Protein chains: 2
Amino acid sequence: MHSEAVASRSAEHRDSRESRNGSSPNLDAVSLAIIEQLQEDGRRPYAAIGKAVGLSEAAVRQRVQKLLDQGVMQIVAVTDPLTVGFRRQAMVGVNVEGDVESIAEALTEMAEVEYVVMTAGSFDILAEIVCEDDDHLLDVINKRIRKLPGVRSTESFVYLKLKKQTYMWGTR
Amino acid sequence: MHSEAVASRSAEHRDSRESRNGSSPNLDAVSLAIIEQLQEDGRRPYAAIGKAVGLSEAAVRQRVQKLLDQGVMQIVAVTDPLTVGFRRQAMVGVNVEGDVESIAEALTEMAEVEYVVMTAGSFDILAEIVCEDDDHLLDVINKRIRKLPGVRSTESFVYLKLKKQTYMWGTR
DNA sequence: CGGAGACCTGCGGATTTCGCAGGAATGCGC
DNA sequence: GCGCATTCCTGCGAAATCCGCAGGTCTCCG
């Protein structure tokens, strides 16, 4: 699959998609295709990606570098911390009174917090935390998160078993 | 940082850590250090990693390949789907009656579901889903997830803004 | 029209990856 | 203890990849 090159440069310039995403200005179909390739294999050679998306090796390399610099994507090793061993992990739902953004910011700064997202629903924020052990987990939740001014309440979901973890939204 | 080589092979063989993680048999301190390196940069050259962890280039390459084959880690590009554009994302808490594992399995098989974890707390399962738009999201939740036999109830948290996303549990 | 900016290609040279042939340490059965 | 299989490491040459740079095209704009 993915053998065909993507539409020509001039064509995608009028693509309806990219005019729609106001948050990230420069992100056309070719960059999307490149990300897709790297979602399958983060170490895939630039030349191979170039062949798949219809670009030269150098062009792909420049685009990838730019995407990394801009923070649009990151190429990293991901694991299941529980599998890797000796750790406790949990999702914490947080309810906030006052400024949600500033609480989210505070959570972001904690090293044990790996994932923070603001949500609509019965929680204002969801935060995933990774800890050494139960004591550490308890400490982070009770002594750090619940002590933040503006945090009304929290609810924890301790991870028992990770069943799936993919990053393949592109390949569907 | 991370300039020092790790303990010698013979020493870590008696390390208390690895005797503790029954789930993943062969995963010593050196492999952990390798993963750590790749969490910082998934494309870091094997030679550089080798220098950091005290191994030859070839040895690192063999270890990394093994870790990938075993499914202990994956090297991939990760993005914020919301930033990449035109999508709706949500976390769904699921309550199950009967076999939780089989429901989790069913969720795992859905393409829109990127993340499935079994939890302790007021949800049995948390699942993250990525969709094209609101219609698609509604469809997945109401027509697919809630129709699974054994699903008692669900609660959704639509993502508004992703604030943090890291994979650096190793580097603390 | 001329210049700035964004982006692509092509091309060498440095670097990295890859496969393979040993060698050292370990565990096991006899 | 000894032989043997297994595992994991190192070293090395060939092939592939990465990297920086010079130059070309296209667009936008004063």
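Only heavy atoms go into these numbers, but all of them, side chains included; no hydrogens, no water, no symmetry mates. This structure is a prediction, so every number in the text was calculated from the model and none was measured.
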When you measure from the side-chain N and O atoms of [X] to the phosphate of [N], is any distance below 4.0 Å, counting only OP1 and OP2?
X       : N      : value
B:Lys66 : D:dC8  : yes
B:Arg43 : D:dC18 : yes
A:Arg61 : D:dT17 : no
A:Arg63 : C:dC8  : yes

(message) Could you tell me if A:Arg152 sits above the aromatic ring of A:Phe123, with its cationic atom closer than 6.0 Å to the ring centre and no more than 45 degrees from the axis?
(response) no
(message) Less than 6.0 angstrom from the centroid, inside 45 degrees of the normal: does B:Arg88 satisfy that with respect to the ring of B:Phe157?
(response) no
(request) Let me know, please, whether A:Ala48 or B:Ala58 comes out on the 5' side of the other along DNA chain D by nearest nucleotide. (result) B:Ala58
(message) Given C:dC8, D:dT10, D:dG20, identify the nucleotide with an atom nearest to the side chain of A:Gln62.
(response) C:dC8
(message) From C-beta outward on A:Pro45, which listed nucleotide comes closest to its side chain: C:dT16, D:dG20, D:dT17?
(response) D:dT17
(message) Quick one, B:Leu148 with B:Leu107, criterion side chain to side chain contact (heavy atoms under 4.5 Å, CB included). Give me CA distance, side-chain angles, the key distance, then yes/no.
(response) CA-CA 9 Å; B:Leu148 289 175; B:Leu107 290 170; 4.2 Å; yes
(request) Figure out the NZ/C1' separation between B:Lys51 and C:dT16, and round it to whole Å. (result) 13 Å
(message) In this structure, how many angstroms lie between the P atom of C:dA6 and the CG atom of A:Asp69, rounded?
(response) 14 Å
(message) Closer than 4.0 angstrom, basic N to acidic O: yes or no for A:Lys51 and A:Glu57?
(response) no
